[in-house]
Amino acid sequence: MSTYQAPRGMRDLLPEEAAAFDALQAVIQARALRYGYPRIVTPIVEDRGVFEKSVGEASDIVGYEMYDVSLHGQAGLVLRPEGTAAVTRAFLEHGLHRAPRPVRFFYYEPMFRGQRPQLLRYRQFWQWGLECYGPEEPLADVEIVDFTARLFAHVGLQNYRLELNTVGDAKCQPKMREALAAYFASNRDSLSDESRDRLGRNPMRILDSKDPKDRAVVAAAPQLRELLCEEDREHFDQVIAGVERLGHPYKVSQNVVRGLDYYTRTVFEFILTDPEFTKAGDIAVAGGGRYNDLVQTLGGPPVQGVGIAGGVDVLYEALKKEGVRMGRPTTPDVYVLSAEKGDGADRLQIADPLRQEGFNVAIDYSDRPLDKQLESAVKHGAKVAVIRGTPEARGGNVIVRDLVAKTQRITRLAAVVTEVGRHVPKYVTPPLYTGPSNPDDHEPGAAGEGPYLPDDRD
RNA sequence: GCGGGAUUAGCCUAGUGGUUAAGGCCCCAGAUUGUGGAUCUGGUUACGCGGGUCCGAUUCCCGCAUCCCGCCCCA
């Protein structure tokens, strides 16, 4: 047993898992860009106040789940427990509330909460998220739901359900709270201790209680829909109509009330339905909603917003459970071996053109007998061995051996790349810069469209 | 933060209040003077940490750490 281990609730992603996480990021990020959401990166550490102000001081996250980090005893910094408040801080700090609206962001970052680790709940976990600042139109809410539903369809997630709800806006919430508080107060004796406690703080949270005692009371609680203000109801109806129109299955559920204070109007959760994940209660694979007052809360102008955050660890496990394959191979396809001792430079020279060409190539560093090197190459997952230094492979020749088919041929050095290419795939190294394509490449009329028209304003 | 369970090598398992704690897989080396996943042989690595009881503890007790399960909550 090693002396040190990863901190509680934090884990290492070994190459295979890391590859899967990379693949998930690539897919989600590319899709976010399709929707007009470019990536933003914010620091892992934030001022404590960013979250106290926005998430709510009474919330569990701020109450006891924030990771303190102090520098030279100077407190006040925490590891970020969630993305929305941090992104909003950046949005304001850079004056982006003056940028053309809506202002959209995508993020994919580790988050930290000092909670007790449990099934799919870690102290360091990864979240992807979207934030959209500016629009008050319900269409923005709908698009974020749409993004998520289509993302899950794309990656192959099947076993989940979508629940929508609305919690009203700042004008309306007090009224709703009051009505709920009155109802729950009159049923005080039937409530769990926990909920009785919540009655004074946030009666809405009683709605998502899992306590069977509360359940009965909650079932007969006044419908939020009836308590809503006119504009809130209208907004919600349009959100529902939009989701409906796009054909995403959903359910309106009073129980979706989210634990963060900044939500107004629309809230939603994508909840896993596989029995393995529901035995411990609902696990959300994504959740979000509208936050119309958050920007102001953090000291900005009145700018509305809507967003969502998804759990990468949760998504990864759910996909694995459903048999979805993720990631790229983590093993080299080609191994360079040699029967000659001390010819490391030659091995590297053989590997280089193969690598240039896009093959994944590792070399054997040792002077071990060839059989050991072959065995090692196979164990490292190589499909092809390039062998030098044997009697047959002299004078600018090497052997290219297919380790799966167990066939080989002697090949001139100049033809190694071609020969290897017959057995294993090449990979594309991503470009450092991907510019816009040239619109002139488009051939007018090719797709049946009309000719370009002159713009009279020119 | 509060409850319950677990912790023997890199992994999986056995076992015991008393000499060198067992086996399988993996890893390394050799048998096999250089073309592989087999076989055989050998080798490295463990009683989570700290206290206590005891002549003596890996074994019993307590605390701590970590993991799992539940509460709480969320991604």
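By convention in this document, chain letters (A, B, ...) are assigned in the order of the sequence lines, proteins followed by strands, and residues within each chain are numbered from 1.
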N/O donor-acceptor pairs under 3.5 Å from side chains in residues 311-318 of chain A, not counting sequence neighbours:
unit_1   : atom_1 : unit_2   : atom_2 : d
A/Asp313 : OD1    : A/Trp126 : N      : 2.7
A/Asp313 : OD2    : A/Arg11  : NH2    : 2.5

Provide, to the nearest angstrom, the distance between the CZ atom belonging to A/Phe277 and the P atom belonging to B/G70. 13 Å

Considering every strand shown, what is the Watson-Crick or G-U wobble mate of B/G70 when both distances are under 3.5 Å? B/C2

If you measure from the P atom in B/G70 to the same atom in B/G51, how many Å do you get, rounded? 35 Å

Does A/Arg325 have more than 12 heavy atoms from other residues, nucleotides or ligands lying within 6.0 Å of its CZ? no

Base, sugar-phosphate alone, or nothing: which one does A/Pro391 contact when heavy atoms must sit under 4.0 Å apart? base

OP1 or OP2 of B/C67 sitting under 4.0 Å from any side-chain N/O of A/Arg8? yes

So does A/Glu392 have more than 12 non-hydrogen atoms from other groups sitting under 6.0 Å from CD? yes

Winner on side-chain proximity to A/Glu392, out of B/C74, B/U35, B/G37, is B/U35

SB check A/Arg388 A/Asp343 (cutoff 4.0 Å): yes

Between B/G56 and B/G18, how far apart are the two P atoms, rounded to whole Å? 14 Å

Look at the side chain of A/Val378 and decide which nucleotide, out of B/G34, B/G70, B/G36, has an atom nearest to it. B/G36

Under 4.0 Å between any heavy atoms, over every strand shown, what does A/Gly9 touch: base, sugar-phosphate, or nothing? Just pick one. sugar-phosphate

Anything under 30° is parallel, anything over 60° is perpendicular, the rest tilted; go ahead and classify A/Phe270 against A/Tyr160. tilted

For A/Phe152 and A/Trp128, take the angle between the two ring planes, folded into 0 to 90°, and tell me which bin it lands in: parallel under 30, tilted 30 to 60, perpendicular over 60. perpendicular

Would you kindly give the CG-to-C1' distance between A/Leu315 and B/C74, to the nearest whole Å? 16 Å

Look through every strand shown and name the nucleotide pairing with B/A57 as Watson-Crick or G-U wobble, where both distances are under 3.5 Å. none

Searching all strands shown, indicate the nucleotide that pairs with B/U16 (Watson-Crick or G-U wobble; both distances under 3.5 Å). none

With a 4.0 Å cut-off on heavy atoms, is A/Val312 in touch with a base, just the backbone sugar-phosphate, or nothing at all? nothing

5′-ward residue of the pair A/Lys406/A/Gly288 relative to RNA chain B: A/Lys406

Roughly how many Å apart are B/A6 and B/C12, using the C1' atom of each and rounding to a whole number? 16 Å

Any donor-acceptor pair under 3.5 Å joining the side chain of A/Gln373 to the base of B/U35? no

What's the closest nucleotide to the A/Arg116 side chain, out of B/C2, B/G36, B/U35? B/C2

Rounded distance in Å between the P positions of B/C47 and B/U20: 15 Å

Run the salt-bridge test on A/Arg161 and A/Asp282 with the 4.0 Å N-O cut-off and return the result as yes or no. yes

Is B/G34 syn or anti, taking syn as a glycosidic angle within 90° of 0? syn

Rounded distance in Å - CG (A/Asp371) to C1' (B/A31): 11 Å

Considering every strand and a 4.0 Å limit on heavy-atom distances, what is the contact class for A/Ala377: base, sugar-phosphate, or nothing? nothing

Mate of B/C49 where both pairing distances stay under 3.5 Å, Watson-Crick or G-U: B/G63

In whole angstroms, the gap separating P of B/C68 from CD of A/Glu317 amounts to 11 Å

Taking the C1' atom in each of B/U66 and B/G48, what is the distance between them to the nearest angstrom? 8 Å

If pairing requires Watson-Crick or G-U wobble contacts with both distances under 3.5 Å, which nucleotide is the partner of B/C27? B/G43

Polar atom pairs (N or O), protein with nucleotides 25-28 of chain B, under 3.5 Å:
none

Quick check on B/C68: is either OP1 or OP2 less than 4.0 Å from any side-chain nitrogen or oxygen of A/Gln118? no

Do the side chains of A/Asp22 and A/Arg328 get close enough for a salt bridge, i.e. N-O under 4.0 angstrom? no

Tell me whether the count of non-hydrogen atoms from other residues, nucleotides or ligands lying under 6.0 Å of CD in A/Glu322 goes above 12. yes

What's A/Leu120 touching, base or sugar-phosphate or nothing? Going by heavy atoms closer than 4.0 Å. base

Take atom OH of A/Tyr67 and atom C1' of B/C74, then tell me their distance rounded to the nearest Å. 16 Å

Chi angles and distances behind the side chain to side chain donor-acceptor pair (under 3.5 Å) call for A/Tyr262, A/Thr88: CA-CA 12 Å; A/Tyr262 52 66; A/Thr88 302; over 6 Å; no

d(CE, A/Met66; P, B/G1) in whole Å: 16 Å

B/U16 versus B/A22 - spacing of their C1' atoms, nearest Å: 11 Å

Say we look at B/A21 and B/A57: how far apart would their P atoms be, to the nearest angstrom? 15 Å

A/Ile387 CD1 - B/U35 C1' separation (whole Å): 6 Å

Rounded P spacing from B/U8 to B/U13 in Å: 9 Å

Rounded to whole angstroms, how far apart are CG on A/Leu370 and C1' on B/U32? 13 Å

